Amino acid sequence: MNFLVTGGAGYIGSVVATRLLEEGHGVTVLDDLSTGHFDAVPEGASFVESKVHDAGAALAGRHFDGVVHLAASSLVAESIADPEKYHANNVVGTRLLLDALRDIGVGRLVFSSTAAVYGEPETVPIDEDAPTRPVNPYGASKLAVDQMLAEEAQAGELGAVSLRYFNVAGAYAGRGERHSPESHLVPIALEAAIGLRQGLAIYGQDYPTPDGTCVRDYIHVADLADAHLVALDVIRPGHHRVYNLGNGAGFSVREVLAAVEEVTGVELEVDLAGRRPGDPAVLVASAERARRELGWEPTRPALEQMIGDAWQVLRERAGRS
Ligand code: UFG
């Protein structure tokens, strides 16, 4: 089949595009390269440089069997400082993309949503029926799109799935995390280990968790990408379904850093800093619905494998191996 991947030059999107190609599908990547990298677009994919806002003109006359929509602004701190950007890029951009897709007759969409829609959870693990109370504009923008998709599906022919990612880590087929600036724990710790930055900070040691640092549910980017492939298969016209994607196991910041030291053999220089605004203490997924309904099963649940795969790609990029 023939699929469109918006944001396919980004970290997760490039792995989704790679996995689709490996399964024998045709892939077109649409990306404005504002944060993505052209060299991450896999060989064999067609590339269209465009904002999702301009997808109508960029995709006129093309045919796709489905779309994976990952193009978005995705920095929590930036969203607090510049909420308008998140509304414009994530909400308005998706609205315009949906219009363009309707015009070219595409009715099947997988959307990249986030655990940030749940805000500070009342109970963990978090299932899809948990209250959605985002605590930052990034989470609010993704929730607005989830709701938009549900309404569109109910009103017509669109079939959609929202995949709510927990903390994505690891690398696949030479594609690892490369944000600028980087804000995520695993790549920051690995950059410190390889000497690209001087140590790192632990944000907050007084959370109500066993060691006082935040607990997160880490999922390998290849397992995450595979969920998109199975989701494309189960979408039904007129229906919208939400799935949480995580491993169901929580690791504290200190545990992640210990695993990074173990994998890299480097002792990290750590600064104890205050809490980072907007960080919930514990985010752990219940991905039971995805297991039950999609038959999706993570095959790389070990933190060490995620860190090891990301470490290998970073070393290659830095010319160390
Ligand atoms: N952390 C540090 N030091 C750092 C970077 C991160 O201590 O240098 C801590 C954070 O405070 C947090 C944990 O490591 O407690 C994980 O932080 P990340 O930035 O790696 O990931 P987040 O949990 O903040 O972000 C993820 C997704 C977001 C999503 C968010 C929902 O990447 O897209 O979960 O809260 F919005």
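The first residue in the sequence is number 1, and the count goes up from there. Worth saying up front: this structure is predicted, and the values here are computed from it rather than measured. First listed ligand is number 1; within each ligand, the first listed atom is number 1.
- With no hydrogens or angles considered, a side-chain donor-acceptor pair links Asp223 and Thr299 at under 3.5 Å.
- With values rounded to the nearest 0.5 angstrom, Leu163 atom CG is found 9.5 Å from Asp146 atom CG.
- Taking OG1 of Thr94 as the reference point, atom CG of Asn90 lies at 6.5 Å (rounded to 0.5 Å).
- Nearest to atom 5 (C) of ligand 1 among the protein's heavy atoms is Ser183 O, 3.5 Å.
- The shortest N or O to N or O distance between His184 and ligand 1 is below 3.5 Å.
- The shortest side-chain heavy-atom distance between Arg108 and Val67 does not fall under the 4.5 Å cut-off.
- Contacts between Ala189 and ligand 1 below 4.0 angstrom, taking non-hydrogen atoms only, are absent altogether.
- Residue-level proximity to ligand 1 for Thr114 is carried by the side chain, the only part with a heavy atom below 4.0 angstrom.
- The ligand atoms of ligand 1 that sit less than 4.0 angstrom from a heavy atom of Ile188 are 8 (O).
- Here the CZ-CG distance, from Arg300 to Asn247, works out to 11.5 Å after rounding to the nearest 0.5 Å.
- For the residue pair Ser112 / Tyr165, a side-chain donor-acceptor distance below 3.5 Å is found, with atom types taken as modelled.
- Annotation: atom 13 (C) of ligand 1 to nearest protein heavy atom, Val253 CG2, 3.8 Å.
- Distance check: Glu84 CD to Asn89 CG gives 8.5 Å after rounding to the nearest 0.5 Å.
- Annotation: atom 28 (C) of ligand 1 to nearest protein heavy atom, Tyr138 CE2, 4.3 Å.
- Note that CZ of Arg19 is 6.0 Å distant from CG of Leu229, once rounded to the nearest 0.5 Å.
- Counting heavy atoms under 4.0 Å from ligand 1, residue Arg276 touches it through the side chain alone.
- In this structure, Arg275 forms a cation-pi arrangement with Tyr207, its terminal cationic atom sitting closer than 6.0 Å to the ring centre and no more than 45° off the ring axis.
- Under a 4.0 Å criterion applied to the non-hydrogen atoms of Leu283, ligand 1 contributes the atoms 31 (C), 35 (O).
- Taking every heavy atom of Ile202 and a limit of under 4.0 angstrom, the matching atoms of ligand 1 come to 7 (O).
- Considering backbone and side-chain N/O of Leu185, one or more are found under 3.5 Å from N/O of ligand 1.
- Side-chain N or O atoms of Glu128 include one that pairs as donor or acceptor with a backbone N or O of Asn244 at under 3.5 Å.
- A distance-only check finds a donor-acceptor pair linking the side chain of Thr213 to the backbone of Val253 [under 3.5 Å].
- Neither the backbone nor the side chain of Val168 has a heavy atom within less than 4.0 Å of ligand 1.
- For atom 23 (O) of ligand 1, the closest non-hydrogen atom on the protein side is Arg216 NE, 2.6 Å.
- Of the protein's heavy atoms, Tyr203 CE1, 3.4 Å lies nearest to atom 4 (C) of ligand 1.
- Set against the non-hydrogen atoms of Ala201, the atoms of ligand 1 under 4.0 Å away are 2 (C), 3 (N), 4 (C), 7 (O), 8 (O).
- Which parts of ligand 1 touch Val76 is read off a 4.0 Å heavy-atom cut-off, strictly below it: atoms 36 (F).
- Salt-bridge annotation for Glu182 and Arg197: absent, with no side-chain N of the basic residue lying under 4.0 Å from a carboxylate O of the acidic one.
- With a heavy-atom cut-off of 4.0 Å, Tyr165 does not touch ligand 1 at all.
- Close approach of ligand 1 to Cys214 (heavy-atom distance below 4.0 Å) involves ligand atoms 15 (O).
- Within the 4.5 Å cutoff, no side-chain heavy atoms of Asp226 are placed close to those of Val230.
- Of all the atoms in ligand 1, the ones that sit under 4.0 Å from a non-hydrogen atom of Ala116 are 31 (C), 36 (F).
- At a heavy-atom distance under 4.0 Å, only side-chain atoms of Asn167, from C-beta outward, approach ligand 1.
- Per-residue contacts place Asp279 under 4.0 angstrom from the following atoms of ligand 1 (heavy atoms of the residue considered): 10 (C), 11 (O), 12 (C), 15 (O), 24 (O).
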